[in-house]
Amino acid sequence: APVTPAAPVLDVPAPACDAASVTITFTAVVGVEYSLNSDFSTTITDGSFTANVNSSGTVYARTTGTTCVISSGYEVAPAPVTPAAPVLDVPAPACDATTVTITFTAVDGVAYSLNSDFSTTIIDGSFTADVNSSGTVYARTTGTTCVISSGYEVAPAPVTPAAPVLDVPAPACDAASVTITFTAVDGVEYSLNSDFSTSITDGSFTADVNSSGTVYARTTGTTCMISSGYEVASAPVTPAAPVLDVPAPACDATTVTITFTALDGVEYSLNSDFSTSITDGSFTADVNSSGTVYARTTGTTCVISSGYEVA
């Protein structure tokens with residue numbers, strides 16, 4: 001009697017990620033023919049054939065030259081799908097920042113990690129990265145080995161410059177303005193306006209007396225800004241020259257009394273160093289002599305003088 005062959009033992013592999021088909025194998029026996037059709041209109045050779053993913057079918061085995069047939073069914077699972085690569089939003093670092101927050105749209109059914117072995121997990125589609133660094137975000141369809149990745153690079157953070165140290169001089173007597181100076185640093189722009197519509201060059205600028213303002217410093221090509229304020233005092237005022245009343249000497253006189261109108265806030269002296277003082281707007285001078293009366297606004301170096309001659 002003809003013998004029915006053993007049913008083929010099919011090795012149906014799990015589909016690879018995104019695969020369209022798999023290769024199913026079995027051990028073909030001599031003297032047995034194999035087919036995917038019950039009428040054996042096609043033949044499987046070498047014990048292997050291709051099957052679509054997410055499909056099922058049957059392998060038929062028949063002892064050659066007989067009608068003795070047996071079969072084995074198979075089912076191929078759907079192929080797991082590789083997720084879309086995450087689209088990373090990498091912001092420019094803020095001034096002096098040490099980190100940035102990188103974000104992406106997380107998809108349900110996909111796990112995300114900064115490690116290829118998924119030993120850590122990114123949740124909510126955001127994570128912190130150091131400035132001036134690079135790395136990779138890995139995405140894997142949950143329950144599979146289907147992985148894709150996106151790289152990122154974070155730029156260095158722009159640096160806020162040091163605030164300019166302003167040298168604000170005391171105004172000279174009767175001055176209308178002063179020249180304020182500071183040490184300008186390469187790579188930093190300076191302005192008296194917060195919008196940098198004007199520029200300070202060479203680390204100096206003119207400011208009115210009895211005024212205040214601000215010097216802004218910005219690292220070139222960035223928005224990283226700092227400022228220093230200044231105040232300029234009022235200029236001390238030189239007093240009016242004293243108008244001296246020098247009388248003609250009386251007969252046989254040895255001295256005269258010279259007078260002038262003394263002003264409040266002004267000191268008077270016969271010496272340029274103000275080592276002596278004239279009080280009450282009068283002093284004694286020898287006949288046939290000359291000299292000078294010096295006037296100085298109190299607390300300043302603003303000096304003026306008037307000369308005199310006694311006949």
Give the C-alpha distance, both sets of side-chain angles, the deciding distance and a yes or no for side-chain contact (heavy atoms from CB on, under 4.5 Å) between Val76 and Val12. CA-CA 7 Å; Val76 183; Val12 183; 4.0 Å; yes
What's the verdict on side-chain contact (heavy atoms from CB on, under 4.5 Å) for Val232 and Ser211, showing C-alpha distance, side-chain angles and the deciding distance? CA-CA 5 Å; Val232 183; Ser211 72; 4.1 Å; yes
Run the side-chain hydrogen bond (donor to acceptor under 3.5 Å, both in side chains) test on Thr160 and Asp96 for me, step by step, so that the C-alpha distance in whole Å, both residues' side-chain angles and the decisive distance to 0.1 Å come before the verdict. CA-CA 6 Å; Thr160 301; Asp96 309 309; 2.6 Å; yes
Test side-chain contact (heavy atoms from CB on, under 4.5 Å) on Asp273 and Tyr294 and set out the steps. CA-CA 9 Å; Asp273 63 359; Tyr294 298 91; over 6 Å; no
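Expressed to the nearest 0.5 Å, how far CD1 of Ile102 lies from CD1 of Ile122 amounts to 9.0 Å. Here OG1 of Thr43 is found 9.0 Å from CG of Asn37. Values are rounded to the nearest 0.5 Å. Between atom CG of residue Asp280 and atom CD1 of residue Ile278 there is a gap of 11.0 Å, rounded to the nearest 0.5 Å.
Screening residues 222-245 for salt bridge (charged side-chain N to carboxylate O under 4.0 Å, His left out), with sequence neighbours left out, gives no hits.
The shortest heavy-atom contact between Ala155 and Val131 is O-CB, 3.7 Å. Nearest approach of Pro171 to Pro236, heavy atoms of both residues: O-CD, 3.5 Å. Scanning all heavy atoms of the two residues, the minimum distance from Ser149 to Ala85 falls at O-CB, 4.1 Å. Here the shortest heavy-atom pairing between Ala139 and Ala84 reads CB-O, 4.4 Å. Closest heavy-atom contact between Leu270 and Thr276: N-OG1, 4.1 Å. The heavy-atom pair separating Ser269 from Ser275 by the smallest distance is OG-N, 4.3 Å.
Hydrophobic cluster membership differs between Phe274 and Leu263, with clusters built from Ile, Leu, Val, Met, Phe, Trp and Tyr side chains linked at under 4.5 angstrom. Linking ILVMFWY residues whenever their side-chain heavy atoms come closer than 4.5 Å, directly or via other members, places Val29 and Phe49 in the same cluster. Residues Val188 and Met225 fall into different hydrophobic clusters, defined by Ile, Leu, Val, Met, Phe, Trp and Tyr side chains chained together at heavy-atom separations under 4.5 Å.
Two rings, from Tyr230 and Phe205, have their centers less than 6.0 Å apart.
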Kindly list each side-chain donor-acceptor pair under 3.5 angstrom involving residues 296-304, sequence neighbours excluded, with atom names and distances?
unit_1 : atom_1 : unit_2 : atom_2 : d
Arg296 : NE     : Glu267 : OE2    : 2.8
Arg296 : NH2    : Glu267 : OE2    : 2.9
Thr297 : OG1    : Val237 : O      : 2.4
Thr298 : OG1    : Gly265 : O      : 3.1
Thr300 : OG1    : Thr297 : O      : 2.7
Thr300 : OG1    : Cys302 : N      : 3.0

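The closest side-chain heavy-atom distance from Val22 to Thr50 is not below 4.5 Å. No side-chain heavy atom of Val266 sits less than 4.5 Å from a side-chain heavy atom of Asp264. The shortest side-chain heavy-atom distance between Val9 and Ser72 does not fall under the 4.5 Å cut-off. Looking at Thr128 and Val100, their side chains never come closer than 4.5 Å, going by heavy atoms from C-beta outward.
With sequence neighbours excluded, the residues satisfying ring-ring contact (aromatic ring centres under 6.0 Å, His included) with Phe182 are Tyr190.
The side chain to side chain contact (heavy atoms under 4.5 Å, CB included) test with Leu166 singles out one residue from Thr181, Val215, Thr214, and that residue is Val215.
For the residue pair Asp208 and Ser177, no side-chain donor N or O sits within less than 3.5 Å of a side-chain acceptor on the partner.
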